[in-house]
Colleague: 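Once you've had a glance at the structure underneath, I'll fire off some questions.
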Amino acid sequence: MEKDLAYWIERGKEMSANRQARIGKAKKWKFDTIATHGLYDANEALSLNNGSIMEPVYLSPAQAYENSAEMEAGLSYQMPNWCYSRIANPTTYFLEETSALLETYGTDIRATCLATASGMSAIRTATDPFLIYDKKFPNPNIVTSAKVYGGTFQQFQVRRHQEQGLDVRWVKEPEKMDEWQNLINENTRFVYGEFPSNPTVGIFDISKVAELAHNFGIPLIVDATCASPALTRPLTLGADIVVQSASKVMGGSGTSIIGLLTSKANIISKIGSEEMKQDFCTWTKLWPFRDNGPAVNPMAAFMTLNDLRTLRMRIEKMSHNTMLVAKYLENHPKIDRVHYPGLKSYKAHDLANKYMELADNGKNMYGYMLAAEIKEKSSDSSENSRKFYDALKMTWRATDLGRVKTVATLNAISTHQQQGEEGRAIASIKPNTCRISCGIEHANDIITDLEKALEKIE
Ligand SMILES: *Cc1c(COP(=O)(O)O)cnc(C)c1O
């Protein structure tokens, strides 16, 4: 048989069908099994990878083709292939497929995923396509929770608003529906929230906000980095797109900067083509992402895939530790306040119970991050906070989170420094806010370290 264009297109159809069959099979597995195996099976290993039981790491920038007809089929996207590592890569593919399965775990929802060079580029890549020029909606705005990661605040406020004139509307108390309602209008392009937010663990009602957005014909995009799909899967709750900084808990050992965006089939949007809406991540990968270029290094994708296998177990242990630390700190005389969704004192505790549950366990768990406010003599002081912070011995002083190692951060002087005092006030970040991301050490050792450091405050 002549290997002409028709031949390769036919082969492409077989490859797609085979891939869909493997997705169907993996959909029946439990969370940990999906996380461990994804779409990589013995068939794949024996036919393509010398039998290696681990996924291959393809560092090659480009794919070679047998003949010009295969190249034509491949580069016109008429067969599943990877072409060039700025567009796609076989190693990255296994991470993306695993993430898509985990983000829709427990449902029949089909999703696709796109890995990017960082969490920030995942947010940019997820939001760009909704901000294109459209003369029917000439004055675009976006509605976003103000309780977001510092980098996200800067991307929206400086890059989008100050530099490009986009109307960015901040929801200051995202747990309340009326603010969202008041800010959305016919010119809103998308709605954005973080669940829970970094660092003050603010949350919002994902399903209700999704419904509101859909009533306006626009998508809800959720950053669920601080929950991870082991606890909260926004796509199964109504959201259209979920973004993850996989630099954090998904890649918990801490080897890589990497982002993931995952979309479900047929997202809601009044902007963009039908093709884009049908499969947002694939469309984005093949078109704007390819042109803009924030591709991830395949080695980072491989390292992240390795960490992802143990995600649920780590989240369980980290949530357990964080709960103990939160309770310890809440009762400590030198602490003003602790923000943690698992505490009864947390104002949206019921909402947290609705949306945060460890996969395949049925128990509410609340993740690895808490924010503690250290008692100070005045509201603008950070003297005691610094004393405590500088006395930490085992706990790392770093701007990092989701790590297997416990890390603490004074956010006003680090992650949220650039946004200034006014910006921090909108996001409820105070000079004495200390974010603690609990690792997988024994809880007693974490608490002992915090206890000794708190003793340094007179
Ligand atoms: C860290 C973080 C980001 C940014 O991710 P990078 O991988 O560092 O670019 C985005 N959102 C949240 C919630 C984060 O914690």
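Order of appearance sets the numbers: ligands from 1, and atoms from 1 within every ligand. In this text the structure is predicted, and so the values were computed from the model without any measurement.
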Colleague: Under the criterion side chain to side chain donor-acceptor pair (under 3.5 Å), which of D167, N185, N187 is the partner of N141?
Modeller: N185
Colleague: Is it the case that the ring center of F280 lies less than 6.0 angstrom away from the ring center of F130?
Modeller: yes
Colleague: Side chains of residues 249-258: which donor-acceptor partners sit under 3.5 Å, not counting sequence neighbours?
Modeller:
| from | atom 1 | to | atom 2 | distance (Å) |
| --- | --- | --- | --- | --- |
| S253 | OG | D307 | OD1 | 2.6 |
| S253 | OG | D307 | OD2 | 3.0 |

Colleague: Can you produce the list of protein nitrogen or oxygen atoms under 3.5 Å from a nitrogen or oxygen of ligand 1, alongside each distance?
Modeller:
| from | atom 1 | to | atom 2 | distance (Å) |
| --- | --- | --- | --- | --- |
| ligand 1 | 5 (O) | S245 | OG | 2.9 |
| ligand 1 | 7 (O) | G119 | N | 2.8 |
| ligand 1 | 7 (O) | S245 | OG | 2.8 |
| ligand 1 | 7 (O) | S247 | OG | 2.5 |
| ligand 1 | 9 (O) | G119 | N | 3.0 |
| ligand 1 | 9 (O) | M120 | N | 2.9 |
| ligand 1 | 11 (N) | D223 | OD2 | 2.6 |
| ligand 1 | 15 (O) | N198 | ND2 | 2.9 |
| ligand 1 | 15 (O) | K248 | NZ | 2.7 |

Colleague: Does a donor on one side chain and an acceptor on the other come within less than 3.5 Å for Y105 and D360?
Modeller: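 D360 and Y105 do have a side-chain donor-acceptor pair below 3.5 Å.
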Colleague: Please verify the inter-ring angle class for H416 with Y149; under 30° counts as parallel, over 60° as perpendicular, anything in between as tilted.
Modeller: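 Perpendicular.
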Colleague: Angle between ring planes, W287 versus Y77, binned at 30° and 60°: parallel, tilted or perpendicular?
Modeller: perpendicular
